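Only one structure is covered here, and it is reproduced in the block below.
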Amino acid sequence: MGHVQITPSILNADFAALGAEVARIGSADWVHVDVMDNHFVPNLTFGPTMVEALARSTSTPLDAHLMIADVDRHAPAYVEAGCGSVTFHVEAASAPVRLAREIRAQGARASMALRPATPVEPYEDLLPELDMLLLMTVEPGFGGQKFLDLVLPKIRRARALVEKHGLETWLQVDGGVSLETIERCAAAGADVFVAGSAVYSADDPDAMVAALRERAESAVPAAGEAR
Ligand SMILES: O=C(CO)[C@H](O)[C@H](O)COP(=O)(O)O
């Protein structure tokens, strides 16, 4: 299992001051940018031009979560925009293996996301193609939703698959992650945690990043310990 990484989502940040908002989370490992197109999800955010401007404004690497249709065509633009990690939804991709290889060939980490109702088992053979697997813990589209406990068994099964194949694939969770829910995710086997409203509704977002990190680290099972 990789070390705990905290990745604040800017979905609930002030979009009119994104550079300053990102500067408030200096201890974050990544900045999570939620790209939504009003087709794959019923919400609209921003595109590669905005992401490129954000990449120029910070030294923290960007983790793009593409909630967009026709993702095979659009994903490469987010590597070109400066993202260090690009996540596509398997439900939106027509050739996920080719797309993951293309993202890696461009020099970014390739990541694939599963909606809460999408099982992980059909993608077992695809895991070596991925640097990260994102297991959504809400239906994608909006920040501030309630964490879905029903995803916890899938996190455990995904961790078991990663270990079975001796892979280094990071397991990211996104949606409703807070001081109240992060321990359950870490105990189940997640190691990369996206938190949007928990971070940006805090008086001190960077102190919340530290608190989330501490809580997740305290819940990571020791080697050989049951999940
Ligand atoms: O992908 C997302 C929504 O589709 C967001 O990243 C996620 O929901 C973060 O917000 P919060 O922590 O408030 O749930």
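Whatever order the structure lists them in is the order used to number ligands and atoms, beginning at 1. None of the values given here were measured: they were computed from a predicted structure. Basis for what follows: all heavy atoms, side chains included, without hydrogens, waters or symmetry-related copies.
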- With only distance considered, is Asp174 within less than 3.5 Å of ligand 1 through an N or O on each side? yes
- Query: Should Gly141 be counted as touching ligand 1, given the test is an N or O pair under 3.5 Å?
  - Reply: yes
- Task: Pick, from Ser9, Ser197, Ser201, the option with the minimum heavy-atom distance to atom 13 (O) of ligand 1.
- Result: Ser197
- Message: Pairs of nitrogen or oxygen atoms closer than 3.5 Å, one from Glu139 and one from ligand 1: do any exist?
- Response: no
- Task: Return yes or no for this condition: an N or O of Gly144 is under 3.5 Å from an N or O of ligand 1.
- Result: yes
- Item | Cluster check Leu134, Val199: I/L/V/M/F/W/Y, side chain < 4.5 angstrom | no
- Message: Which option wins on minimum heavy-atom distance to atom 8 (O) of ligand 1: Tyr200, Phe147, Phe142?
- Response: Phe142
- With distance as the sole criterion, is a donor-acceptor pair present between the side chains of Asp34 and Ser9 under 3.5 Å? yes
- Task: Indicate yes or no: does an N/O atom of Met36 lie under 3.5 Å from an N/O atom of ligand 1?
- Result: no
- Item | Hydrophobic cluster identity match, Tyr123 and Val173, side-chain contacts under 4.5 Å | yes
- Pro140 N/O under 3.5 Å from ligand 1 N/O: no
- Item | Qualifying residue for side-chain hydrogen bond (donor to acceptor under 3.5 Å, both in side chains) with Asp191, from Arg159, Gln172, His3 | Arg159
- Side chain to side chain, Thr169 and Asp131, heavy atoms closer than 4.5 Å: no
- Distance-only donor-acceptor check, side chains Ser27 and Asp206, under 3.5 Å: yes
